[in-house]
> 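Pasting a structure below so you can have a look.
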Amino acid sequence: MSALTSNKSVLSWIDEKVELVKPDKIVWIDGSQEQIEELRATACSTGELIKLNQELLPDCYLHRTAVNDVARVEGRTFICANSKEEAGPTNNWMDPAEAYEMLYDIARDSYKGRTMYVIPYSMGPVGSPFAKVGIELTDSIYVVLNMVIMTRVGKDVLEVLGDSNDWVRGLHCRCDIDEEKRYICQFPQDNTIISVNSGYGGNVLLGKKCFALRIASYQGWKEGWQAEHMLILGIQNPEGEVKYICAAFPSACGKTNLAMLIPPEIYAEKGYKVWCVGDDISWIRKGPDGRLYAINPENGFFGVAPGTNEKSNPNALASTKKGTIFTNVAHNLDNNTVWWEGLDKNPPANAVEWKGNPWNGQESEEKGAHPNSRFTAPAVNCPCLSSEFENPNGVPISAIVFGGRRAKLAPLVYQSRDWNHGVFVGSIMASETTAAAAGAVGVVRRDPMAMLPFCGYNMADYWQHWIDIGADLDPEKAPKIFNVNWFRKDDEGNFMWPGFGDNLRVLDWIIDRCEGKVDAKSTEIGYIPYAEDINIEGLEGEVSIDSLNSILEVEKELWQEDAKGIEEFYAKFGDKIPPVLAAELETLKKNVQ
Ligand code: GTP
Ligand code: SPV
Ligand code: MN
């Protein structure tokens with residue numbers, strides 16, 4: 001098949017890689033429906049995909065990954081910057097020359113007997129001033145079909161690229177899915193990503209975390225913009241005005257759910273609406289009017305399946321009803337559909353679990369779906385997709401919200417005193433780990449700005465970049481910065497806040513604060529709502545003013561403890577810690593003394 005471009009930098013890079021991995025055949029992905037159909041058929045013939053019930057789930061497919069390959073592998077993810085210091089203490093680092101040599105040894109000849117798919121893709125609407133081009137080489141049809149959903153793929157991307165050398169190189173090799181030889185390596189200084197021995201999500205859909213966060217965060221640092229692990233949503237009030245919020249929560253901590261939330265009845269009745277612009281990644285830059293604007297560089301949702309249901313997230317569920325690839329969920333053999341824990345209370349008896357074994361959901365103690373099983377759904381399917389989704393200039397941001405999963409300490413919501421204090425609040429985020437990454441679940445760890453696994457350079461430089469971005473904004477126009485925690489638990493281990501759609505009640509307060517419409521209590525850690533300013537109408541029996549007060553409390557002893565943890569964390573960065581943040585920490589320590 002002939003190349004779809006005459007761009008010399010593209011062609012010579014592909015030639016080199018062909019020489020290395022030795023495919024039988026090369027296929028350029030042009031984005032046509034015809035080609036997609038052909039690939040689906042091929043994948044079904046080899047068992048890579050299972051075609052689901054086309055009446056109930058048109059154009060939907062099921063895929064199972066290898067049992068040892070079900071989540072991102074942070075321990076095997078490397079930032080191959082020129083020096084260890086540039087990668088910083090929170091990233092794994094490898095010398096670029098050594099990394100290339102090792103990766104090339106693993107990749108050499110690995111496409112023998114296989115096809116090389118060349119995927120030209122755009123992160124961001126094609127041709128948008130925010131958008132960036134990538135090319136991923138892969139030997140996996142599953143990767144191709146996921147990238148077709150998650151990004152903008154095809155010929156027009158190459159047309160926009162023209163002769164430019166400004167594009168991100170991505171090489172993915174499945175090899176033998178050998179955990180011991182699995183590496184996800186980013187070379188920020190070379191605009192290059194190499195991923196070997198995995199076939200799962202964030203490890204291999206290179207446009208997502210590898211490019212749109214790790215490489216892009218570095219590009220943003222150099223070019224004066226930001227790539228963040230943030231959802232974007234628009235809240236429309238009864239007057240029809242829409243305000244946009246970006247929110248950063250760690251993996252599996254509620255971004256997709258918040259981005260698609262359904263307003264509680266008392267809000268819906270008044271005419272409130274919520275629009276989803278993005279559920280995972282934001283690219284943010286200053287617009288001509290001096291405000292910050294954000295786009296969602298993705299074109300689909302790679303969402304956590306378990307827990308998604310008609311009640312918790314009907315918009316996400318609706319998004320999965322056509323053109324979706326399900327990964328590692330249970331297969332209901334009675335009607336050839338899919339099932340996962342928390343979909344409904346009626347697990348299929350005649351089914352296959354995520355590992356591929358027969359499974360009786362009515363009787364089995366085992367899970368049918370892996371806790372990190374996912375759906376890859378086209379954004380256009382989403383009933384609440386924002387009309388601004390394709391806006392090449394993005395949406396103006398009123399508020400930035402940080403949040404984590406913390407049973408104790410972090411209150412339901414608080415506001416930072418100003419931008420720099422807000423950067424501090426983001427930098428001290430901590431959260432309980434989840435199934436989105438391999439390793440222990442439920443351990444509290446520092447996860448600044450939800451970027452711990454995704455920052456492509458030294459986190460201290462990243463914080464300074466945040467401070468510089470703020471210094472360049474007129475404080476009147478800068479987004480206000482908040483912290484939320486939907487996950488506070490009582491002593492019996494029950495969540496103390498209903499969460500999901502009811503989170504709009506907190507966002508409502510946030511927007512009111514941005515507009516100066518509501519007062520707040522100045523505390524040791526920032527501004528906290530007066531309980532009566534959070535609307536709990538309709539939550540009778542679930543939330544009372546008393547319980548609200550208890551999740552809005554600043555528990556000084558816990559904060560003293562936490563300040564020690566922050567100090568230890570900051571110490572890892574030595575004298576690279578921005579003085580602004582060091583001073584904020586001193587203020588916090590003094591305040592909670
Ligand atoms: P990634 O795609 O990994 O980045 O995850 P995410 O941040 O988009 O998380 P997602 O919205 O998929 O939610 C992950 C889990 O958190 C699901 O099991 C949800 O049911 C649960 N969850 C989401 N929002 C809330 C909430 O407000 N309260 C509670 N208690 N759980 C929530
Ligand atoms: C996350 O872990 O934050 C995800 C899933 O969004 S993955 O694409 O695998 O990184
Ligand atoms: Mn994510």
Side-chain angles (χ1 to χ4, degrees), residues 65 69-74 77 143 146-147 150-151 184 195 198-214 228-233 247-262 264 276 278-282 296 298 300-309 311-313 315-317 319 327-328 340-343 369-377 401 403-407 412-413 431-439 441 447 450-454 484-489 493-507:
T65 64
D69 188 29
V70 294
R72 284 182 295 100
V73 280
E74 296 179 2
T77 298
V143 167
N146 273 273
M147 286 291 285
M150 293 304 297
T151 72
I184 319 299
S195 162
S198 173
Y200 171 80
N203 295 336
V204 298
L205 309 180
L206 301 185
K208 198 173 175 57
K209 298 303 169 51
C210 302
F211 176 175
L213 288 177
R214 298 195 189 100
E228 300 295 338
H229 193 198
M230 290 179 177
L231 65 94
I232 312 166
L233 62 73
F249 310 151
S251 300
C253 290
K255 289 182 300 300
T256 302
N257 276 275
L258 191 69
M260 299 180 190
L261 80 77
I262 303 269
C276 172
D279 80 323
D280 199 50
I281 299 177
S282 298
N296 168 13
E298 302 190 282
F301 309 116
F302 187 60
V304 178
T308 306
N309 61 52
K311 192 162 174 281
S312 67
N313 195 344
N315 285 319
L317 197 61
S319 305
T327 303
N328 293 342
W340 50 77
E341 278 66 28
L343 174 64
H370 186 274
N372 192 38
S373 55
R374 300 253 170 182
F375 52 80
T376 315
V401 179
R405 189 183 274 272
R406 290 200 84 172
L412 178 64
V413 57
S431 193
E432 293 152 22
T433 51
T434 65
V441 168
D447 188 352
M451 283 289 277
L452 182 73
F454 307 121
V484 299
N485 178 18
W486 316 136
F487 300 93
R488 276 289 284 273
K489 286 186 177 165
N494 306 307
F495 288 116
M496 295 172 76
W497 174 251
F500 301 97
D502 289 310
N503 293 333
L504 182 60
R505 301 165 187 274
V506 173
L507 300 184

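Note that the structure is predicted; figures quoted are calculated from it, not measured. All ligand and atom numbering here is 1-based and tracks the order in the structure.
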> Give a yes or no on whether the backbone of Gly307 and the side-chain of Ser312 come within a donor-acceptor separation of less than 3.5 Å.
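Looks like yes, one N/O pair under 3.5 Å.
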> Answer yes or no for Lys209 and Phe454: cation-pi contact, defined as NZ/CZ to six-membered ring centre under 6.0 Å and angle to ring axis within 45°.
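Yes.
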> With a 4.5 Å limit on heavy-atom distance, are the side chains of Pro453 and His229 in contact?
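Not in contact.
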> Does the pair Asn372 and Tyr200 meet the rule for a side-chain hydrogen bond (donor to acceptor under 3.5 Å, both in side chains), with working shown?
CA-CA 11 Å; Asn372 192 38; Tyr200 171 80; 2.8 Å; yes
> Protein N, O or S atoms at less than 2.8 Å from the Mn ion (ligand 3), how many?
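Near the Mn ion (ligand 3), the number of protein N, O or S atoms below 2.8 Å is 3.
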> Taking Val70's backbone N and O only, do any of them form a donor-acceptor pair with Thr65's side chain (distance below 3.5 Å, no angle check)?
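Looks like no, no N/O pair under 3.5 Å.
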> Look at the side chain of Asp447 and the backbone N and O of Leu452, then say whether any donor-acceptor pair between them is shorter than 3.5 Å.
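Flag set: sc Asp447 to bb Leu452 pair under 3.5 Å.
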> Would you indicate whether the side-chain heavy atoms of Thr434 and Arg405 approach each other to under 4.5 Å?
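The answer is yes, as the side chains (C-beta and beyond) meet within the 4.5 Å cut-off.
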> What verdict does the side-chain contact (heavy atoms from CB on, under 4.5 Å) test give for Lys489 and Asn494, after you've listed the backbone C-alpha separation in whole Å, the side-chain angles of each residue and the deciding distance to 0.1 Å?
CA-CA 5 Å; Lys489 286 186 177 165; Asn494 306 307; over 6 Å; no
> List of N/O pairs, ligand 1 versus protein, all under 3.5 Å?
from: ligand 1; atom 1: 2 (O); to: Arg374; atom 2: NH1; distance (Å): 2.7
from: ligand 1; atom 1: 3 (O); to: Ala252; atom 2: N; distance (Å): 2.9
from: ligand 1; atom 1: 3 (O); to: Arg374; atom 2: NH1; distance (Å): 3.4
from: ligand 1; atom 1: 3 (O); to: Arg374; atom 2: NH2; distance (Å): 2.9
from: ligand 1; atom 1: 4 (O); to: Lys255; atom 2: NZ; distance (Å): 2.8
from: ligand 1; atom 1: 4 (O); to: Asp280; atom 2: OD1; distance (Å): 3.0
from: ligand 1; atom 1: 5 (O); to: Ala252; atom 2: N; distance (Å): 2.7
from: ligand 1; atom 1: 7 (O); to: Cys253; atom 2: N; distance (Å): 3.3
from: ligand 1; atom 1: 7 (O); to: Gly254; atom 2: N; distance (Å): 3.1
from: ligand 1; atom 1: 7 (O); to: Lys255; atom 2: N; distance (Å): 2.8
from: ligand 1; atom 1: 7 (O); to: Lys255; atom 2: NZ; distance (Å): 2.8
from: ligand 1; atom 1: 8 (O); to: Lys255; atom 2: N; distance (Å): 3.4
from: ligand 1; atom 1: 8 (O); to: Thr256; atom 2: N; distance (Å): 2.8
from: ligand 1; atom 1: 8 (O); to: Thr256; atom 2: OG1; distance (Å): 2.9
from: ligand 1; atom 1: 9 (O); to: Cys253; atom 2: N; distance (Å): 3.4
from: ligand 1; atom 1: 9 (O); to: Gly254; atom 2: N; distance (Å): 2.9
from: ligand 1; atom 1: 11 (O); to: Lys255; atom 2: N; distance (Å): 3.4
from: ligand 1; atom 1: 11 (O); to: Thr256; atom 2: N; distance (Å): 3.1
from: ligand 1; atom 1: 11 (O); to: Asn257; atom 2: N; distance (Å): 2.9
from: ligand 1; atom 1: 11 (O); to: Asn257; atom 2: ND2; distance (Å): 2.8
from: ligand 1; atom 1: 13 (O); to: Gly254; atom 2: N; distance (Å): 3.4
from: ligand 1; atom 1: 13 (O); to: Asn257; atom 2: ND2; distance (Å): 3.3
from: ligand 1; atom 1: 16 (O); to: Arg405; atom 2: NH2; distance (Å): 3.2
from: ligand 1; atom 1: 27 (O); to: Phe500; atom 2: N; distance (Å): 2.8
from: ligand 1; atom 1: 27 (O); to: Asn503; atom 2: ND2; distance (Å): 3.0

> What residues sit with at least one heavy atom under 4.0 Å from ligand 2?
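The 4.0 Å shell around ligand 2 contains Arg72, Tyr200, Gly202, Lys208, Lys209, His229, Ser251, Asp280, Phe302, Arg374, Ala436, Phe454.
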> My understanding is that only residues two or more places apart in sequence, or in another chain, count here; which of them pass salt bridge (Lys or Arg N to Asp or Glu O under 4.0 Å) with Glu432?
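Listed in chain order: nothing, the list is empty.
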> Evaluate the side-chain proximity of Leu205 to Val143: yes if any heavy-atom separation is below 4.5 Å, no if none is.
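When only atoms from C-beta onward are counted, Leu205 and Val143 do touch, with a gap below 4.5 Å.
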> Is there a side-chain contact (heavy atoms from CB on, under 4.5 Å) between Arg488 and Phe495? Walk through the geometry before answering.
CA-CA 6 Å; Arg488 276 289 284 273; Phe495 288 116; over 6 Å; no
> Going by heavy atoms in the side chains, are Trp340 and Thr308 under 4.5 Å from each other?
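In contact.
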> Just checking, is any N or O donor in the side chain of Thr256 or Asp279 under 3.5 Å from an acceptor N or O on the other one?
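Distance-only check passes for Thr256 and Asp279.
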